[in-house]
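Notes for the one structure printed next.
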Amino acid sequence: MSENKEITIMQSVYAKNDEVAAQINKELTTKNIFAINVMGAPGAGKTTSLIQIIKRLGEVTPYVIEGDIEADFDTKTLQGLGVKAIQINTGGACHLDSPLIGNAVEELKLSDGVLFIENIGNLVCPAEFMIGEHAKMLISTVTEGSDKPYKYPLAFEKADIILLNKCDLLPYIEFDEEFFMKGVRALNKTAPVIKVSGKTEEGFDEVITWIKGKIN
Amino acid sequence: MHEYPITRRIIEIAQEFAIKNEADKVKVINLVVGDYSGYVASSIELYFDIIAEGSRCEHARLNIERVKPLLKCSLCEEYFERKPYSFSCPSCTGEGRPTEIGQEFYIRSIEV
Ligand SMILES: Nc1nc2c(ncn2[C@@H]2O[C@H](COP(=O)(O)OP(=O)(O)OP(=O)(O)O)[C@@H](O)[C@H]2O)c(=O)[nH]1
Ligand SMILES: [Mg+2]
Ligand SMILES: [Zn+2]
């Protein structure tokens, strides 16, 4: 139709989310909080890894925001360990976004420490939404298979640190580590890839070294 | 799943620009969506009619331009589409690096 008038917009649909994320990030930085967005498929071992990490943090204060679709088992587990943790119930959403985090940050009354935000178990959308974090931690597992970087490239591209969890199970499954690493490195040249196991607890000291390197 | 809030954002932005330009009716929304953005065009369309009801975007046509992700070869600098399970360059022995192409998700324009 010739009488249509075109109005140029060129505005990202994420713009508002990213704006709020930038605000949260600034606020957290002011409070001397280093925030880590923890991403991974359902059951990859996000909560298990957080527990292993928190146990080793020493004098660094941990805070946790749990984004779970429904239950609050994970939050209860963490609170049982004396960690300041709160649950966000997203009621079916597939990722956390910044307004949700903004409210939780208010409620937690944070200062000086590390804030872990356990994102919803999903390898697709959490990688697209900034939520005010300083770093993204991706938890992949040997049981998911070595093709994951090829199928979910964005998550691997955006990660600042990658944990390869459930390494205790390597003797029982086929996992082509070379193929996995080739995919990871094609997408991401810098993120350390650390082999860990929530069961044998191997590898977590190295994760702590990385975290402490970031907050000092 | 997350197409619902995102569709609402799209309508909010279009509405805001329509008001600013004193247009009562948005006829077309031109949206650019990269394939890596993980959005399902048909779900956006599905929610669109429901959410747009009563707004200036009611009955608007959503024109979605999809963008295929391209990698850039680190040796010969050619842009290419990747094959499944590979990041290798089709023209040389190099390996492709991710680019912004295919990650976009923005409203290009509205027609009123
Ligand atoms: N063998 C083995 N099991 C593990 C390891 N890490 C986690 N698990 C098990 O995997 C299951 C899921 O672990 P969680 O830590 O709850 O995983 P999650 O990613 O937090 O799961 P959601 O929050 O539901 O997405 C539990 O049964 C854990 O005991 C590991 O390194 N080795
Ligand atoms: Mg969990
Ligand atoms: Zn090449």
Side-chain angles (χ1 to χ4, degrees), chain A residues 1-20 69 90-100 119-120 122-129 145-159 176 179-190, chain B residues 1-14 16-23 25-40 44 61 69 71 73-74 82-89 94-100 102-112:
Chain A
M1 275 181 279
S2 55
E3 70 261 43
N4 275 12
K5 182 177 147 209
E6 187 165 359
I7 301 166
T8 305
I9 297 184
M10 297 303 280
Q11 189 181 113
S12 166
V13 179
Y14 301 124
K16 194 155 180 190
N17 178 73
D18 293 354
E19 211 175 276
V20 178
I69 291 188
T90 57
C94 45
H95 66 269
L96 296 173
D97 64 10
S98 354
L100 281 172
N119 217 313
I120 293 168
N122 180 338
L123 272 178
V124 184
C125 16
E128 295 165 43
F129 286 83
S146 37
D147 59 357
K148 288 301 153 299
Y150 302 86
K151 290 190 177 166
Y152 301 96
L154 201 62
F156 286 87
E157 181 190 332
K158 304 279 183 203
D176 186 343
F179 182 62
F180 177 81
M181 282 310 297
K182 192 169 160 20
V184 172
R185 284 297 168 240
L187 295 160
N188 191 325
K189 302 271 182 257
T190 52
Chain B
M1 292 194 273
H2 69 193
E3 277 82 1
Y4 183 84
I6 232 56
T7 308
R8 208 171 48 210
R9 261 318 282 155
I10 294 167
I11 292 168
E12 277 168 19
I13 297 171
E16 182 192 318
F17 277 82
I19 292 170
K20 245 195 265 177
N21 288 275
E22 293 171 354
K25 222 171 155 15
V26 177
K27 290 181 187 157
V28 183
I29 300 178
N30 292 306
L31 196 65
V32 180
V33 183
D35 276 357
Y36 271 180
S37 77
Y39 290 93
V40 182
I44 297 179
R61 185 166 61 82
L71 299 179
C73 177
S74 48
R82 56 178 278 247
K83 297 211 171 55
Y85 300 114
S86 155
F87 295 97
S88 307
C89 173
E95 204 174 51
R97 283 206 211 108
T99 66
E100 300 283 307
Q103 298 187 15
E104 44 283 271
F105 192 9
Y106 61 92
I107 303 180
R108 183 194 292 289
S109 64
I110 51 175
E111 293 168 37
V112 297

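To find a chain, count down the sequence lines: A is the first, B the second, and so on, and within it residues start at 1. If you're wondering where the values come from, they're calculated on a predicted model, not measured in any experiment.
Nearest heavy-atom pair across A:Phe129 and B:Ile6 is CZ-CD1, 3.9 Å. Residues A:Tyr150 and B:Ser86 share a closest heavy-atom pair of CD2-N, 3.7 Å. Nearest heavy atoms, A:Pro149 versus B:Phe87: O-CZ, 4.1 Å. Pairing each heavy atom of B:Tyr36 with each of A:Glu128, the nearest pair is O-OE2, 4.0 Å.
Only the side chain of A:Leu154 comes within contact range of chain B, with at least one heavy atom under 4.5 Å from a heavy atom of that chain. Looking at B:Val32, there are no atoms closer than 4.5 Å to chain A (heavy atoms on both sides), in backbone or side chain. Only the side chain of A:Val124 has a heavy atom closer than 4.5 Å to any heavy atom of chain B. Heavy atoms of A:Lys158 lying under 4.5 Å from chain B belong exclusively to its side chain. If you measure heavy-atom distances from A:Phe179 to chain B, the contacts under 4.5 Å come from the side chain alone.
Between the CZ atom in B:Arg97 and the CG atom in A:Leu187 there is a gap of 11.5 Å [rounded to 0.5 Å]. To the nearest 0.5 Å, atom CD of residue A:Gln11 and atom CD1 of residue B:Ile107 are 7.0 Å apart. Interatomic distance, A:Ile7 CD1 to B:Asn30 CG, rounded to the nearest 0.5 Å: 11.5 Å. With rounding to the nearest 0.5 Å, the separation of CD1 in A:Ile9 from CD1 in B:Ile10 is 11.0 Å.
For B:Glu12, the side-chain contact (heavy atoms from CB on, under 4.5 Å) partners two or more places apart in sequence, or in a different chain, are A:Lys16, B:Arg8, B:Arg9.
Counting heavy-atom pairs under 4.5 Å between each of B:Pro98, B:Gly96, B:Ser88, B:Ala18 and chain A puts B:Pro98 at the top. The choice from A:Ala186, A:Gly183, A:Ala127, A:Cys125 that makes the most heavy-atom pairs within less than 4.5 Å of chain B is A:Ala186.
Contact annotation: the side chain of B:Glu111 never approaches that of A:Lys5 to less than 4.5 Å [non-hydrogen atoms, C-beta and beyond]. Put simply, the side chain of B:Arg82 reaches to within 4.5 Å of the side chain of A:Pro153, judged on heavy atoms.
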For this session: Check the pair A:Glu6, B:Ile110 against side chain to side chain contact (heavy atoms under 4.5 Å, CB included), reporting the backbone distance first and the verdict last.
Result: CA-CA 6 Å; A:Glu6 187 165 359; B:Ile110 51 175; over 6 Å; no

Discussion item. Evaluate B:Val112 against A:Asn4 for side chain to side chain contact (heavy atoms under 4.5 Å, CB included), listing each step before the verdict.
Written reply: CA-CA 5 Å; B:Val112 297; A:Asn4 275 12; over 6 Å; no

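No more than 12 heavy-atom neighbours from other residues, nucleotides or ligands sit within 6.0 angstrom of NZ on B:Lys83.
Using a 4.0 Å cut-off between charged nitrogen and carboxylate oxygen, B:Glu95 and A:Arg185 do not count as a salt-bridge pair.
Counting only N and O atoms by type, the side chains of B:Gln103 and A:Glu157 include a donor and acceptor under 3.5 Å apart.
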